[in-house]
Amino acid sequence: MPIQEGAVVPRHTTTGVPDARVSVHPVTTEDGLGLQLTRFRRAECDDVVLLVHGLTASSDLFIMPEHRNLAACLLDNGFTDVRTLDMRMSSRFKSATGACTSWRTASGR
């Protein structure tokens, strides 16, 4: 789904994964941090694909509507149950964006 030049794309949108049932499953860690598993499903299947972002990224990396994304590609090619996981350092979470001004401040050194 191409995006028109100059169009505003909202943050954290799932519009890049069309024709999928989307469900969000929040998880709270022992230390109180909220994580998020998002499921994109077109049909039941025996194989589930889990996409996990790297340091300081987020699941948006896999579902961006601006281009053909990995989640939609997998769904289109027979993997009908794709899940994304936003880990502790996901840029979707306020705690990962701007909470620390430097490594020195965070570590106390």
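All values reported here derive from a predicted model rather than from experimental measurement.
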Quiz prompt | With D47 via salt bridge (charged side-chain N to carboxylate O under 4.0 Å, His left out) - residues at least two apart | solution = none
Quiz item: How far apart are the closest heavy atoms of A72 and G16, and which atoms are they?
Solution: CB-O, 3.8 Å
Quiz item: Is there a donor-acceptor pair closer than 3.5 Å between any side-chain N or O of T29 and the backbone N or O of L33?
Solution: yes
Exercise. For F40 and T14, run side chain to side chain contact (heavy atoms under 4.5 Å, CB included): C-alpha distance rounded to whole Å, both residues' side-chain angles, the deciding distance at 0.1 Å, then the answer.
Key: CA-CA 9 Å; F40 301 90; T14 59; 4.0 Å; yes
Quiz prompt | L61: side-chain contact (heavy atoms from CB on, under 4.5 Å) partners, not counting sequence neighbours | solution = none
Quiz item: Are V22 and L51 joined in one hydrophobic group, where the rule is that I, L, V, M, F, W and Y side chains link up if heavy atoms are under 4.5 Å apart?
Solution: yes
Practice problem: Report whether I63 and L75 are members of the same hydrophobic cluster (ILVMFWY, side-chain heavy atoms less than 4.5 Å apart, transitive linking). | Solution: yes
Quiz item: Only one of N69, L74, T38 forms a side-chain contact (heavy atoms from CB on, under 4.5 Å) with V17, so which one is it?
Solution: N69
Quiz item: Partners of E44 by salt bridge (charged side-chain N to carboxylate O under 4.0 Å, His left out), sequence neighbours excluded?
Solution: R41
Quiz item: Does any pair with a residue in residues 15-25 pass salt bridge (Lys or Arg N to Asp or Glu O under 4.0 Å), and if so which ones, sequence neighbours excluded?
Solution: none
Quiz item: Quick one: CD on E66 to OG1 on T15, what's the gap to the nearest 0.5 Å?
Solution: 8.0 Å
Quiz item: Who passes side-chain contact (heavy atoms from CB on, under 4.5 Å) against L85, sequence neighbours left out?
Solution: L37, L50, V52, M87
Quiz item: Which salt bridge (Lys or Arg N to Asp or Glu O under 4.0 Å) pairs, counting each pair once, include a residue from residues 27-39, with sequence neighbours left out?
Solution: D31-R88, R39-D81
Practice problem: Check whether F62 and V49 end up in the same hydrophobic cluster, where Ile, Leu, Val, Met, Phe, Trp and Tyr are linked by side-chain heavy atoms less than 4.5 Å apart. | Solution: yes
Practice problem: Measure from the side-chain N and O atoms of D86 to the backbone N and O of S58, and report whether any donor-acceptor pair falls under 3.5 Å. | Solution: no
